[in-house]
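For reference, the structure discussed in these notes is given below.
The first residue in the sequence is number 1, and the count goes up from there. We use all heavy atoms of the structure for the numbers below, so side chains are in, but hydrogens, waters and symmetry mates are not.
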Amino acid sequence: MDPDCAICHAPATLSCDCEAKGLDMAVRQAEARMMQSIYNDIRTWVRAHAQDYILEYFRLLTERRKAQHSNHLERITAHAYHYYHAPPHPNEIAAAQAQLKRGIDEDWQASVQRYPEVLEYFYSLVELTLPDDHDQAVKDPPLSALSGSRKAGRRGGGAPTIASGPSLHDRETISRGRTPPPLAEPFRQRRTPGLSRDRRSAAFPPPPPPPPPTNYGYGGMPY
């Protein structure tokens, strides 16, 4: 004999969906209570590492850009002294500086546009583990069958946590070709341009080098 609905008390023969909806709501509420802090920790970890990677990528791009700018200034200075026995015209210097600024802006834009793939990469490193179905705490949870109250405190390892053990499902191995070899030494860089950092930086693999520019300073920068 099937019991009536525990919520609307309708006969079981009506097959109402009150209990199913109630269970869905209870699952969402329990997930919010037990998992939200874990989600927040994961988000914070991923965000910090992605920012560090993007800032290092930008630093490498700008270092190359500034080196090209210095070489360009040396060329126009040598040209001016060779032909005119005078320093370069101020307009040439101003044009070179403006070109450098445009290049740095492009480097920052290119760096920021990499956030989606970098975030996905660091999220893919996170693993959530579940206890085995034959675990004693799963087969005999510390709950009273008569009163529905807990017999003991929550087991320390009951909730899924960030771990390096076996994952819930076999994740596809991410191709390491997406990121080059790690840096030789840790870097220290600001969290955002113009703001100081008070958090420990970590070393991340450098990005792939951008294509070499052509005719820097004479035919315009490649876009």
Side-chain angles (χ1 to χ4, degrees), residues 24-66 104-139 141 153-212:
D24 288 341
M25 179 178 296
V27 168
R28 289 194 296 269
Q29 292 173 346
E31 180 178 345
R33 288 193 300 269
M34 305 303 295
M35 299 297 294
Q36 191 58 54
S37 62
I38 297 177
Y39 296 154
N40 292 340
D41 290 343
I42 293 174
R43 184 183 301 111
T44 299
W45 183 86
V46 168
R47 179 189 177 103
H49 285 272
Q51 284 181 315
D52 284 343
Y53 185 94
I54 292 300
L55 288 172
E56 175 65 1
Y57 183 83
F58 174 65
R59 183 188 67 80
L60 292 177
L61 293 182
T62 54
E63 281 186 355
R64 295 165 186 168
R65 183 80 64 177
K66 291 175 181 178
I104 290 177
D105 289 343
E106 292 172 2
D107 291 340
W108 179 240
Q109 182 179 0
S111 300
V112 170
Q113 288 175 347
R114 293 199 64 193
Y115 263 123
E117 65 169 315
V118 174
L119 289 167
E120 289 179 6
Y121 171 77
F122 283 109
Y123 266 117
S124 72
L125 300 182
V126 177
E127 294 184 353
L128 295 177
T129 63
L130 296 177
D132 188 87
D133 288 342
H134 300 292
D135 191 298
Q136 185 64 26
V138 176
K139 296 176 64 176
R154 179 166 58 88
R155 191 167 62 95
T161 57
I162 303 173
S164 58
S167 58
L168 177 59
H169 59 83
D170 292 332
R171 296 182 298 110
E172 292 184 359
T173 302
I174 294 186
S175 172
R176 296 302 175 181
R178 290 178 55 189
T179 54
L183 299 175
E185 296 181 357
F187 65 86
R188 290 193 175 274
Q189 184 67 26
R190 295 173 298 177
R191 171 68 63 198
T192 54
L195 299 177
S196 61
R197 289 191 54 193
D198 55 1
R199 202 181 67 80
R200 178 178 58 84
S201 300
F204 288 98

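Of the inter-residue distances, the one linking Leu119 atom CG with His49 atom NE2 reads 12.0 Å to the nearest 0.5 angstrom. The line from CG of Asp52 to CZ of Arg47 is 12.0 Å long, rounded to the nearest 0.5 Å. Atom CD1 of Ile42 is separated from atom CG of Leu128 by 5.0 Å, given to the nearest 0.5 angstrom. Atom CD of Glu120 sits about 12.0 Å away from atom CG of Leu125, to the nearest 0.5 Å.
Residues that satisfy the salt bridge (Lys or Arg N to Asp or Glu O under 4.0 Å) test with Asp133, not counting sequence neighbours, are absent from this structure. For Tyr39, the side-chain hydrogen bond (donor to acceptor under 3.5 Å, both in side chains) partners at least two apart in sequence or on another chain are Glu31. Residues satisfying the side-chain hydrogen bond (donor to acceptor under 3.5 Å, both in side chains) criterion with Gln109, sequence neighbours excluded, are absent altogether. Applying the side chain to side chain contact (heavy atoms under 4.5 Å, CB included) criterion to Gln29, with sequence neighbours excluded, gives Met25, Arg33. Glu63 pairs by the salt bridge (Lys or Arg N to Asp or Glu O under 4.0 Å) definition with Arg59, not counting sequence neighbours. The side chain to side chain contact (heavy atoms under 4.5 Å, CB included) search around Asp105 returns Lys101, not counting sequence neighbours.
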Notebook entry, point to check: Please walk me through it: do Val112 and Tyr115 pass side chain to side chain contact (heavy atoms under 4.5 Å, CB included)?
Noted result: CA-CA 6 Å; Val112 170; Tyr115 263 123; 4.1 Å; yes
Next item on the list: Would you sort out whether Ile104 and Phe58 count as a side chain to side chain contact (heavy atoms under 4.5 Å, CB included), showing the intermediate values?
Entry: CA-CA 9 Å; Ile104 290 177; Phe58 174 65; 4.0 Å; yes
Note to self: The test is side chain to side chain contact (heavy atoms under 4.5 Å, CB included); show your working for Val126 and Trp45 and say whether it passes.
What the structure shows: CA-CA 10 Å; Val126 177; Trp45 183 86; 4.2 Å; yes
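Here the shortest heavy-atom pairing between Lys139 and His134 reads CD-O, 3.4 Å. In this structure, Ser111 and Leu61 approach most closely via the heavy-atom pair OG-CD1, 3.8 Å. Of all heavy-atom pairs between Val138 and Pro131, the closest is CG2-CG, 3.8 Å.
Side chains of Phe122 and Tyr53 form a contact here, defined as non-hydrogen atoms less than 4.5 Å apart.
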